[in-house]
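Here's the structure, in structure tokens; my notes come after.
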2 protein chains.
Amino acid sequence: MTSKYERANASDGQSRIPDIVIGRLPIYLRSLKILLSQGQTVTNSQELGDRLGISSAQIRKDLSHFGEFGKQGTGYDVAYLCKQLEKILQVDCIWPVVLVGAGNLGHALASYAGFENRGFRIVGVFDNQPDKIGTHVGSLQVEPLTQLPAHVARHHCRIAILAVPTKAAQNVANLLVEIGIKSILCYAPITLNLPEGIRVEYIDPVIHFQHMTYYLEKDCLKT
Amino acid sequence: MTSKYERANASDGQSRIPDIVIGRLPIYLRSLKILLSQGQTVTNSQELGDRLGISSAQIRKDLSHFGEFGKQGTGYDVAYLCKQLEKILQVDCIWPVVLVGAGNLGHALASYAGFENRGFRIVGVFDNQPDKIGTHVGSLQVEPLTQLPAHVARHHCRIAILAVPTKAAQNVANLLVEIGIKSILCYAPITLNLPEGIRVEYIDPVIHFQHMTYYLEKDCLKT
DNA sequence: ATACATTTGTGCTAAAATACACAATGGAAT
DNA sequence: ATTCCATTGTGTATTTTAGCACAAATGTAT
């Protein structure tokens with residue numbers, strides 16, 4: 001009795017399902033939840049694809065890696081597919097996340113209300129600048145980095161947000177890995193150098209801007 | 001006398017250079033600028049690849065789409081390659097950007113000092129909430145949305161940051177397109193529905209989190 | 001009951017992206 | 001001068017990803 005697929009992970013040399021497919025599932029889930037919130041009970045690969053600018057075949061094939069979730073002639077039950085995707089992505093629960101960096105960005109992230117209903121909760125905010133420690137961000141209080149290891153252990157955190165100044169980012173990342181963090185969302189505009197098995201994703205708006213400008217008619221201020 | 005490549009754009013049916021290649025150039029540029037700031041004058045595809053977790057062959061092939069920038073046996077002059085990439089990406093100048101949404105995120109973006117030296121400047125912040133209008137974010141003052149069209153025209157803005165609440169995002173995006181914006185960086189967790197030729201890129205941290213959790217050992221709080 | 005309209009899941013094909021591997025080149029050392 | 005070493009740029013092969021197209025299944029209408 002084997003399951004339809006084996007979960008890919010760091011120790012699993014040959015992941016069965018392409019990462020690019022995994023990367024699309026959260027997009028599908030996000031769109032489905034919007035449909036759900038609008039009271040729509042049924043959808044289909046065509047509709048979903050149109051909304052996302054993805055071909056319907058792509059969506060069907062992606063989903064088919066994990067099982068058969070649709071009904072021929074009808075499509076997909078929105079609530080059911082949501083539930084299934086949440087299970088696949090393991091967001092049918094709340095993951096505790098630590099936030100390092102209590103600057104403007106840290107404040108914005110800590111105050112953001114949209115994490116909770118998508119599977120995540122920021123359980124601690126840390127910074128090393130003395131003037132920040134003790135101040136409130138969202139409903140949390142900024143703690144010194146020395147408190148981080150205990151906090152991560154207590155909450156069993158696997159995920160961290162790195163929102164510190166660029167020059168501090170690599171060192172803080174090293175610390176995060178040391179204390180057991182497995183996945184880092186890095187807002188610093190650098191590529192981190194970390195051991196195998198640690199997953200890092202990056203958010204840098206300038207990367208997106210520079211991608212855009214390639215395609216724009218040039219008509220900007222001279223430096 | 002034809003140039004080595006024709007620039008891809010919205011009207012150009014067959015873009016010659018894959019978008020995925022364009023998407024990597026800003027990463028290369030970012031890394032090169034760090035090397036430059038550290039005083040390193042020469043690098044090579046191997047070193048760059050190691051830093052970025054990309055194969056050296058990939059980097060060489062990507063660059064080869066645009067010309068021959070290296071020297072055999074030596075590698076690449078860091079400053080020269082930076083300049084070339086900036087020219088290719090059209091960031092050898094400052095692009096004016098308008099920011100819509102003066103919430104926590106808008107504040108963080110407006111206060112961020114890292115845009116200017118990478119080719120971008122936020123030239124206006126707009127919001128419709130009366131209590132926000134007139135307040136200061138960074139060095140700018142929040143203006144009502146009614147001022148947006150004139151502002152975009154005056155500064156020849158082509159790029160906008162969309163940092164408004166989810167429910168307002170589509171409408172504001174439509175407005176942005178109407179007044180001549182060509183590229184939108186959307187922080188709202190939705191997929192926008194916009195006409196052909198408008199480039200939209202998205203930043204949604206939860207998408208990254210959900211990508212990460214697929215690969216994590218499950219060990220999180222039950223809902 | 002039967003025919004019809006719809007939509008899935010998937011085998012196969014096509015295209016795109018990546019990796020390999022090496023000739024060509026430039027600089028350094030002898 | 002010549003040899004040696006390092007590294008590029010690129011033609012080719014391999015792998016990955018996306019798209020096509022249709023049988024199978026399901027519900028609906030007559």
Side-chain angles (χ1 to χ4, degrees), chain A residues 3-5 8 12-25 27-28 31-32 35 40-82 84-85 88 211, chain B residues 3-5 8 12-25 27-28 31-32 35 40-82 84-85 88 211:
Chain A
S3 70
K4 158 120 186 163
Y5 68 96
D12 175 21
Q14 46 181 357
S15 82
R16 310 277 285 291
I17 296 164
D19 185 64
I20 196 163
V21 172
I22 308 302
R24 280 190 292 262
L25 300 185
I27 311 282
Y28 301 163
S31 196
L32 286 164
L35 289 176
Q40 189 172 333
T41 59
V42 173
T43 186
N44 57 62
S45 60
Q46 182 70 53
E47 180 183 47
L48 207 49
D50 288 349
R51 287 176 153 260
L52 299 175
I54 291 177
S55 80
S56 62
Q58 178 84 83
I59 291 175
R60 293 199 302 277
K61 184 154 263 184
D62 284 352
L63 295 177
S64 76
H65 284 100
F66 303 96
E68 309 196 353
F69 304 122
K71 225 181 261 177
Q72 280 150 332
T74 306
Y76 301 92
D77 181 278
V78 177
Y80 176 73
L81 187 51
C82 270
Q84 293 303 309
L85 284 176
I88 292 164
H211 192 166
Chain B
S3 71
K4 159 118 185 164
Y5 68 99
D12 176 20
Q14 45 183 359
S15 80
R16 310 277 285 290
I17 296 164
D19 184 66
I20 195 164
V21 172
I22 307 303
R24 279 190 294 261
L25 300 185
I27 310 282
Y28 301 163
S31 196
L32 287 164
L35 289 177
Q40 188 171 334
T41 58
V42 173
T43 187
N44 57 63
S45 59
Q46 183 70 53
E47 180 183 46
L48 207 48
D50 289 348
R51 288 178 152 257
L52 299 175
I54 290 176
S55 80
S56 62
Q58 178 85 84
I59 291 174
R60 293 198 302 278
K61 186 152 261 186
D62 284 353
L63 295 177
S64 76
H65 283 101
F66 303 95
E68 310 195 353
F69 304 120
K71 227 181 261 180
Q72 281 149 333
T74 306
Y76 302 92
D77 181 279
V78 177
Y80 176 73
L81 187 51
C82 270
Q84 293 304 308
L85 284 175
I88 292 164
H211 192 165

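Letters A, B, ... mirror the listed sequences (proteins, then strands); counts begin at 1.
- The separation between B/Arg60 atom CZ and D/dG9 atom C1' is 7 Å, rounded to whole Å.
- In this structure, B/Leu63 reaches neither bases nor backbone, as no heavy-atom distance under 4.0 Å exists between it and the strands shown.
- Atom C1' of nucleotide C/dG26 and atom CZ of B/Phe69 are separated by 19 Å, given to the nearest angstrom.
- For A/Gln58, a side-chain nitrogen or oxygen approaches OP1 or OP2 of D/dA18 to under 4.0 Å.
- The nearest whole Å value for the distance from the CD1 atom in A/Ile59 to the P atom in C/dT8 is 9 Å.
- One finds a side-chain N or O of B/Ser45 lying less than 4.0 angstrom from the OP1 or OP2 phosphate oxygen of D/dT8.
- Minimum atom distance to the side chain of B/Asn44 is reached by D/dT7, of the listed C/dT7, D/dT7, D/dT10.
- For B/Ile20 and C/dA16, the CD1 to P distance is 12 Å, given to the nearest whole Å.
- Spacing between atom CZ of A/Arg16 and atom C1' of D/dT16 amounts to 17 Å, rounded to whole angstrom units.
- The nucleotide whose nearest atom lies closest to any side-chain atom of A/Ala57 is, among D/dA21, C/dA21, D/dT17, D/dA21.
- A heavy-atom distance below 4.5 Å is not found between the side chains of A/Arg24 and A/Leu52.
- Between the CG atom of B/Asp19 and the P atom of D/dA18 there is a distance of 13 Å, rounded to whole Å.
- For A/Gln72 against C/dT8, a side-chain-to-base donor-acceptor contact under 3.5 Å is present.
- Note on A/Ser55: every side-chain N or O is 4.0 Å or more away from OP1 and OP2 of D/dA18.
- Side chain to side chain, B/Ser64 and B/Arg60 fail the donor-acceptor criterion of an N or O pair below 3.5 Å.
- Take the nearest nucleotide of DNA chain D for A/Val21 and for A/Gly73: the residue whose nucleotide is more 5' is A/Val21.
- For the atom pair CG of B/Leu25 and CD1 of B/Ile17, the computed distance is 8.5 Å after rounding to the nearest 0.5 Å.
- At the phosphate of C/dG26, neither OP1 nor OP2 sits under 4.0 Å from any side-chain N or O atom of B/Tyr76.
- Contact of B/Lys71 with D/dG9 (side chain to base): no donor-acceptor pair of N or O atoms is detected under 3.5 Å.
- Using a 4.0 Å cut-off, some side-chain N or O of A/Arg24 falls inside it from OP1 or OP2 of D/dA18.
- Summarising the geometry, the separation between CG on A/Asp62 and C1' on D/dT16 is reported as 13 Å, rounded to the nearest angstrom.
- Scanning atom types as modelled, one donor and one acceptor separated by under 3.5 angstrom connect the side chain of B/Lys61 and the base of D/dT12.
- For the pair A/Leu32 and A/Tyr76, the minimum side-chain heavy-atom distance is 4.5 Å or more.
- Side-chain atoms of B/Leu81 and B/Leu63, non-hydrogen and from C-beta on, do get closer than 4.5 Å to each other.
- Spacing between atom CG of B/Leu48 and atom P of D/dG9 amounts to 13 Å, rounded to whole angstrom units.
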